[in-house]
Amino acid sequence: MNDYSALEHHTPNRDELRRRKGYKKGLQLSILLLGEKGSGKSTFLNNLCGKHISLSDDDDDEVAKNAAIKKGNAIQDTNAEYKTAHLSPGLRIVTKRVYLNDELGVPITLDIILFPGCGDNVDNSQSSVEIKRYLDQQFENVLKEEVRIKRNTRDTDGRPHVCLYFLKSTPRGVKKFDVELMKTICDKVNLIPIIPKADGLTEAELALHKDIVRQEILQNDIHVFDFKSDNLGETLALYDMDVDSNPGKSKYSRDTKIKDISPFAIICSNAIRTTAENSVEHIREYEWGSLIVEDQTTSDFIYLKAILLGSHLQELKDVTNNVLYENYRAEILTEKKIHCDIPNYSYMDEGSRESISNVSTRRSSSSRTLGNLDLNDENAYKIYKEIDEKNKIIEDYQKKIDSLERMLTGPDKSKA
Ligand SMILES: Nc1nc2c(ncn2[C@@H]2O[C@H](COP(=O)(O)OP(=O)(O)OP(=O)(O)O)[C@@H](O)[C@H]2O)c(=O)[nH]1
């Protein structure tokens, strides 16, 4: 029998403890959930976090913000939804911070971002624009913070590290709106497509729907998160679990490539049952019996959970920072070529450059000036220090842009 409680009561082994020793402050992950109303996002979150996550706008002070992006015909009376069911809900943003239990010896702070109303309006044309603008804004905030002398990257970094896109199966395959939105945002966030409520599909229907989603992704050049050649065995080993390869049970083996499972087909539920071993599991009940959400033979849920909170957490963050954000930054800086009306350190004559870099040693010496400013003046000194720092940063950017341009135009392009 499977140990369904393994994720809840995992005792980290020695290797695991050593590997994670560095993460004294705990881990943090930002998840963006997209998908139409009723696609199962809240239920999935409850199952992922192992507790009920309240996502209403005003329930407690954990809701960081609930800014109305575009009110449209936003529903006001939430207790009487039937009265306004014919109106378009507009698009809002809800963010929530959740602190997760120390399953693998390290606490995880999960930042959740949702866009209620996304895809639920009669006219959804503005939704993708607004969501892309939000993602760009997060990159812009980080870029702005980077060029400040005193940086505060912790509070300004709101970049989601992964977007779980809930694609409800329809007889017509993937909705056009979902394809367009995925296309719009796939270069801004790591995209992982999800097929929710997989219990509503037969095995053949699920296989067909997975194929349809894969084809849409390929045909529309949608970039999803690249799991490379990572296999399931490694992911589950982190939790001291193995792929249940009992004959007739799991469709997967230890060597199954994660990319071959995607899109992840999940089954979730808010109903909880405590087992004889005192562990808690989520169950979905039917007339014919029940399914355990955490059972790896039921759906892909447990693999997805292990990927997000364990094996690929750091990689999702690294790709966000080193690939998606770097592309954005190179694009913006190439476009703007940074027009600064401050004196450029690299183009100053030797004397001027020297007077900036050695300014501190000269402050006590006889009065000196650079341009129109007196270096003995306290304010002028501060300004020149700032210019010096900024010019160094600009030079670094320029070097990166140059090397990127060389990569794009150089003879080794095909190898890159
Ligand atoms: N059959 C089945 N029902 C599910 C599953 N997951 C969620 N549901 C049900 O679907 C309904 C909607 O689920 P929610 O989690 O509230 O969906 P949501 O996407 O958060 O919806 P909004 O909050 O309205 O945007 C609920 O009644 C859930 O119990 C599943 O895997 N299978």
Side-chain angles (χ1 to χ4, degrees), residues 4 31-59 63 66 68-69 72-96 98 110 112-121 124 127 130-131 163-170 175 177-178 181 192-203 205-206 209-210 213 263-273 281-305:
Y4 301 126
I31 298 187
L32 166 64
L33 289 116
L34 290 178
E36 68 181 60
K37 192 174 168 63
S39 53
K41 302 178 294 294
S42 323
T43 314
F44 166 76
L45 274 178
N46 294 341
N47 292 183
L48 180 74
C49 300
K51 57 185 172 186
H52 178 73
I53 310 295
S54 176
L55 294 168
S56 63
D57 305 343
D58 50 5
D59 59 319
V63 177
N66 177 28
I69 288 184
N73 295 325
I75 293 171
Q76 300 297 323
D77 183 0
T78 49
N79 293 324
E81 278 191 22
Y82 65 92
K83 286 184 190 167
T84 51
H86 60 293
L87 298 177
S88 285
L91 183 71
R92 294 177 298 126
I93 177 170
V94 172
T95 61
K96 178 99 179 171
V98 181
L110 201 63
I112 299 156
I113 307 157
L114 287 119
F115 283 92
C118 167
D120 302 325
N121 294 283
N124 287 301
S127 299
E130 295 293 347
I131 294 169
C163 168
L164 302 180
Y165 204 115
F166 285 60
L167 295 161
K168 265 180 38 179
S169 59
T170 70
K175 279 166 54 184
F177 169 77
D178 292 325
L181 181 52
I192 298 186
I194 309 288
I195 298 176
K197 304 190 181 183
D199 54 331
L201 301 168
T202 63
E203 220 164 279
E205 284 168 345
L206 180 59
H209 193 56
K210 277 199 177 197
V213 173
F264 295 89
I266 58 169
I267 297 173
C268 294
S269 173
N270 286 323
I272 284 172
R273 182 171 74 187
E281 54 194 22
H282 295 92
I283 53 159
R284 182 153 281 280
E285 291 196 82
Y286 307 89
E287 279 176 16
W288 49 264
S290 62
L291 285 178
I292 298 162
V293 170
E294 286 80 8
D295 183 350
Q296 54 174 292
T297 60
T298 299
S299 75
D300 301 335
F301 170 81
I302 202 69
Y303 308 127
L304 184 60
K305 178 172 177 173

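First listed ligand is number 1; within each ligand, the first listed atom is number 1.
Of the listed options Thr43, Leu114, Ile267, Thr43 places a heavy atom closest to atom 15 (O) of ligand 1.
Looking from atom 10 (O) of ligand 1 to the surrounding protein, the closest heavy atom is Lys197 NZ, 2.9 Å. Closest protein heavy atom to atom 29 (O) of ligand 1: Arg284 NH2, 3.3 Å. Here the heavy atom of the protein found nearest to atom 22 (P) of ligand 1 is Gly38 N, 3.6 Å. Of the protein's non-hydrogen atoms, the one nearest atom 16 (O) of ligand 1 is Ser42 OG, 3.9 Å. Ranking protein heavy atoms by distance to atom 30 (C) of ligand 1, first place goes to Cys268 O, 3.4 Å. From the protein, the heavy atom lying nearest to atom 24 (O) of ligand 1 is Lys37 CG, 3.1 Å. The nearest heavy-atom contact from the protein to atom 1 (N) of ligand 1 is Asp199 OD2, 2.9 Å.
Lys197 contributes no side-chain N or O that, together with a main-chain N or O of Lys168, makes up a donor-acceptor pair within less than 3.5 Å. With Lys175 contributing its side chain and Leu167 its backbone, the two residues share no donor-acceptor pair below 3.5 Å. Looking at Thr298, its side chain does come within 3.5 Å of a backbone N or O of Ile292 through a donor-acceptor pair. Judged purely by atom type and a 3.5 angstrom limit, Glu281 has no side-chain atom pairing as donor or acceptor with the backbone of Val293. Side-chain N or O atoms of Asp300 include one that pairs as donor or acceptor with a backbone N or O of Ala265 at under 3.5 Å. Of the possible polar contacts, one joining the Asn46 side chain to the Ile53 backbone as a donor-acceptor pair under 3.5 Å is found.
An N or O contact shorter than 3.5 Å links Ser39 to ligand 1 by distance. Any N or O atom pair closer than 3.5 Å counts here, and Gly40 shares at least one such pair with ligand 1.
At least one protein heavy atom sits closer than 4.0 Å to atom 4 (C) of ligand 1. The presence of a protein heavy atom under 4.0 Å from atom 8 (N) of ligand 1 is confirmed.
Rounding to the nearest 0.5 Å gives a distance of 8.5 Å between CG of Leu33 and CD1 of Ile194. One finds the OG atom of Ser39 at 11.0 Å from the CG atom of Leu164 (value rounded to the nearest 0.5 Å).
Partner Ile93 forms a side chain to side chain contact (heavy atoms under 4.5 Å, CB included) with one of Ile131, Ile113, Leu114 and no other, that one being Ile113.
Atom numbering of ligand 1 starts at 1 in the shown order; those under 4.0 Å from a heavy atom of Lys41 are 15 (O), 17 (O), 18 (P), 19 (O), 20 (O), 25 (O).
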